[in-house]
Amino acid sequence: MTVSLLAQAVLHQWRCRLGEPFATWDAKHLAKEVLQGLAGDVRVTADPIVVTSYNAPNADCLRRQYEGLPNKLRPENLNPGVPWLENYQLDFRCR
């Protein structure tokens with residue numbers, strides 16, 4: 001039950017950050033319109049770890065929210081390090 005509640009909270013926050021029209025979509029619609037057909041790679045060469053996505057629908061919206069993520073988290077007093085990734089930071093690119 002805890003994992004289910006955590007997933008719902010993360011999905012809600014994600015939809016809010018993406019804004020309209022995503023904020024009102026259910027999980028199935030969001031997955032189909034945003035995640036379907038998404039390809040990517042992960043580069044682990046230094047800190048931050050860079051996750052690059054290709055063929056992202058609505059790439060401009062994702063780019064605004066997630067590129068430069070560590071620098072966006074700091075002003076919110078959030079630690080950009082991910083504890084289960086040895087405190088490495090994650091950054092995202094949309095191509």
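- Sorted by first and then second residue, the pairs that involve residues 82-93 and meet salt bridge (Lys or Arg N to Asp or Glu O under 4.0 Å), not counting sequence neighbours, are Asp91-Arg93.
- More than 12 heavy atoms of other shown residues, nucleotides or ligands fall within 6.0 angstrom of atom NE2 in His29.
- To the nearest 0.5 Å, atom CZ of residue Arg74 and atom CG of residue Leu69 are 9.5 Å apart.
- Taking each heavy atom of Thr24 and Pro21 in turn, the nearest pair found is OG1-O, 3.2 Å.
- Evaluation of the side chain to side chain donor-acceptor pair (under 3.5 Å) rule for Arg15 yields no partner, not counting sequence neighbours.
- In this structure, Pro75 and Asn71 approach most closely via the heavy-atom pair CD-O, 3.0 Å.
- Taking both residues in full, the closest heavy atoms of Glu67 and Cys94 are given as OE2-N, 3.1 Å, listed atom of the first, atom of the second, then distance.
- In this structure, the side chain to side chain donor-acceptor pair (under 3.5 Å) partners of Glu76, at least two apart in sequence or on a different chain, are Arg17.
- Counting only residues at least two apart or in different chains, salt bridge (Lys or Arg N to Asp or Glu O under 4.0 Å) contacts with residues 29-38 are absent.
- You'll find the side chain of Tyr88 stays beyond 4.5 Å of the side chain of Leu90, heavy atoms only.
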Side-chain polar contacts of residues 42-50 - donor-acceptor pairs under 3.5 angstrom, sequence neighbours left out - could you list them?
unit_1, atom_1, unit_2, atom_2, d
Arg43, NE, Asp41, OD1, 3.4
Asp47, OD1, Gln89, N, 2.8

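- Contacts of Asp60 classified as side chain to side chain donor-acceptor pair (under 3.5 Å), with partners at least two apart in sequence or in another chain: Arg63.
- Grouping the Ile, Leu, Val, Met, Phe, Trp and Tyr side chains by contacts below 4.5 angstrom, directly or via other members, places Tyr54 apart from Tyr66.
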